[in-house]
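Structure first, commentary second.
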Number of protein chains: 2
Amino acid sequence: MHSFTEENYLKTIYALAIRQEGEVTTNALAEMTATKAASVTDMLRKLADKQLIHYRKYQGVRLTEEGERLALKIIRRHRLWEVFLVEKLGFGWDEVHDMAEELEHIRSDELVERLDQYLGHPQFDPHGDPIPTPAGTMPSTGYQKLSEVAAGEEVCIMGVMEHSPEFLQHLARIGLTLGCSLTLREINAFDKSLLVQIQPESALFVSHDVAKNLLVA
Amino acid sequence: MHSFTEENYLKTIYALAIRQEGEVTTNALAEMTATKAASVTDMLRKLADKQLIHYRKYQGVRLTEEGERLALKIIRRHRLWEVFLVEKLGFGWDEVHDMAEELEHIRSDELVERLDQYLGHPQFDPHGDPIPTPAGTMPSTGYQKLSEVAAGEEVCIMGVMEHSPEFLQHLARIGLTLGCSLTLREINAFDKSLLVQIQPESALFVSHDVAKNLLVA
DNA sequence: ATAAAAATTTAGACTTGCCTAAATTTTTTG
DNA sequence: CAAAAAATTTAGGCAAGTCTAAATTTTTAT
Ligand SMILES: [Mn+2]
Ligand SMILES: [Mn+2]
Ligand SMILES: [Mn+2]
Ligand SMILES: [Mn+2]
């Protein structure tokens, strides 16, 4: 079987690989896992030995098919537990990440599939992220970042790219929630902040930092 | 914080301490944790340093107040997760122990208390074991072992002292379930097996090994 | 095209939890 | 009560995962 640590590395490699095309670097992994580059190198050798990654010294790293299958399995568990915590136990979407980070390592396929059924086979987690299939494929969403939308368009908030409690609580404070539809009125040339309209009466400014972490359709 | 391993040792010390009065021995712990005596000694020194146990070399070990509080906290989590797995996910009582063994280490008091509420504050787990209070006390049940009941008495099955799938599945096979009431007809002098009557029509023999693992009231 | 800078790997060490073998203490027994 | 047996602890080591410091490779800049 695989250790918690190995599972976390696979998940992190997967996340970094989709964020920026190409091979994932040692330093990027060190930053994400809050360890040092030397420790990452040790683990990469181990994962390569287990055929979970393709690894060439100094050249970066890429998941093998088996590695990606495993990464998606962990992500599926994480997101299903997040749905459980929000839908059944009544936690806020800003509170569930750390608990799911532990629950995702509980080793039972039967448990995950029963949980999925109990939750009614949800397609998305509380942050709008798609839940991988039991077979190990990631459903694709056609979402784009709010920061890439053209002025004048009307869109609906479908997900977030950042899961920190700070960001999620900030969204709540300025009145943005999942499912909320809005019209992009203006894009400020100076700081790239956006003027968005939610209600007919009320408009608000959204910073570029926020807009690039909001997924819309 | 405490490691999974430390938490498991505390739980095991608690379990051994109630089974046989007095100090818990190194060998007993080694057997229960499926490790060697030398490893147990290492861990006992560590738990004593953390003031979780009273430990005198060669003399055995006993939980401190803080150690017992912690042990009961882990047991509470274990039993609440077992209720969840059986009541909400539909697992059998013979399938849930190993999963609960992992879930009990998820570090969030808020999670446990919300789970408790979601489950309707259950008093007993699927095996009839009482669930410790949030304050850290173990509710006492007046149950006795079926092997200690006198012939002629009518009793109700309230719990089991053994959680292995083998034992629980055997109970199902011979037709005994939690809550099932029965009359003890005879005690066989040769092998201490018991003749018990469930339905007016049907009686069955129960071995001493089974009877001493059944709790009744 | 080199030299400097940045990224990465290697070397050597630490912690946790476990092991085997040997030493020590306690208990049992003749 | 002394010798043998049993229980326990100590000594020394191993694997996983981490670290710092030093060496090596790759990238960037002059
Ligand atoms: Mn999350
Ligand atoms: Mn999520
Ligand atoms: Mn159990
Ligand atoms: Mn139980």
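Quantities reported herein were computed from a predicted structural model and do not represent experimental measurements. Each chain gets a letter, A, B and so on, in the order its sequence line appears, and its residues count up from 1.
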- prompt: Counting only side-chain N and O atoms of A:Y55, is one of them less than 4.0 Å from OP1 or OP2 of C:dT9?
  reply: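 Checking C:dT9 against A:Y55, a side-chain N or O does come within under 4.0 Å of OP1 or OP2.
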
task: Return the residues of residues 5-35 of chain B meeting this criterion: a heavy atom under 4.0 Å from some atom of DNA chain C. Order them by number, or give none.
output: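 B:T5, B:Y9, B:T35 - these, ordered by number, are the residues of the stretch whose heavy atoms sit under 4.0 Å from the strand.
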
Sorted by number, the residues of residues 37-45 of chain A with heavy-atom contact under 4.0 Å to DNA chain C: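 Contacting residues: A:A37, A:A38, A:T41.
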
message: Working to the nearest 0.5 angstrom, can you tell me the gap between A:M161 CE and A:R19 CZ?
response: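 The CZ atom of A:R19 is 4.5 Å from CE of A:M161, to the nearest 0.5 Å.
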
query: With a 4.5 Å heavy-atom cut-off, do A:V210 and A:F167 have their side chains touching?
result: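 Side-chain contact under 4.5 Å: yes.
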
task: State, with a plain yes or no, whether a side-chain heavy atom of A:R79 is found less than 4.5 Å away from one of A:P130.
output: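 A side-chain contact exists here, since the closest heavy-atom pair is under 4.5 Å.
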
query: Any sub-3.5 Å donor-acceptor pair from B:H97's side-chain atoms to B:S164's backbone N or O?
result: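 No; zero donor-acceptor contacts below 3.5 Å.
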
- prompt: Do any N or O atoms from the side chain of B:T64 and from the backbone of B:Q51 form a donor-acceptor pair under 3.5 angstrom?
  reply: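 Yes.
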
Just to verify, what does [X] make a salt bridge (Lys or Arg N to Asp or Glu O under 4.0 Å) with, not counting sequence neighbours?
{"X": "A:E186", "result": "none"}
{"X": "A:R173", "result": "none"}
{"X": "A:D129", "result": "none"}

query: Does the distance from a Lys or Arg side-chain N to an Asp or Glu carboxylate O, for A:D109 and A:R77, drop under 4.0 Å?
result: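 A salt bridge links A:D109 with A:R77.
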
- prompt: So does B:K192 pair up with B:D209, basic N to acidic O under 4.0 Å?
  reply: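 No, B:K192 and B:D209 are not salt-bridged.
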
Round to a whole Å and report the spacing from [atom1] of [X] to [atom2] of [N].
{"X": "B:Q59", "N": "C:dT26", "atom1": "CD", "atom2": "C1'", "result": "8 Å"}
{"X": "A:D49", "N": "D:dA15", "atom1": "CG", "atom2": "P", "result": "14 Å"}
{"X": "A:H2", "N": "D:dA15", "atom1": "NE2", "atom2": "P", "result": "19 Å"}

message: Here's a test for you: under side chain to side chain contact (heavy atoms under 4.5 Å, CB included), which of B:L171, B:L176, B:V196 qualifies with B:I157?
response: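 Among the candidates, only B:L176 passes.
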
- prompt: Heavy atoms under 4.0 Å, any strand shown: does A:F4 hit a base, just sugar-phosphate, or nothing?
  reply: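 The answer is nothing, as A:F4 stays clear of every strand by at least 4.0 Å.
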
Could you list the protein-to-nucleotides 2-5 of chain C atom pairs, N/O on both sides, closer than 3.5 Å?
none

message: Heavy atoms from C-beta onward define the side chain here; which of C:dT10, C:dT26, D:dT25 lies closest to that of A:K57?
response: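 So the side chain of A:K57 is nearest to C:dT10.
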
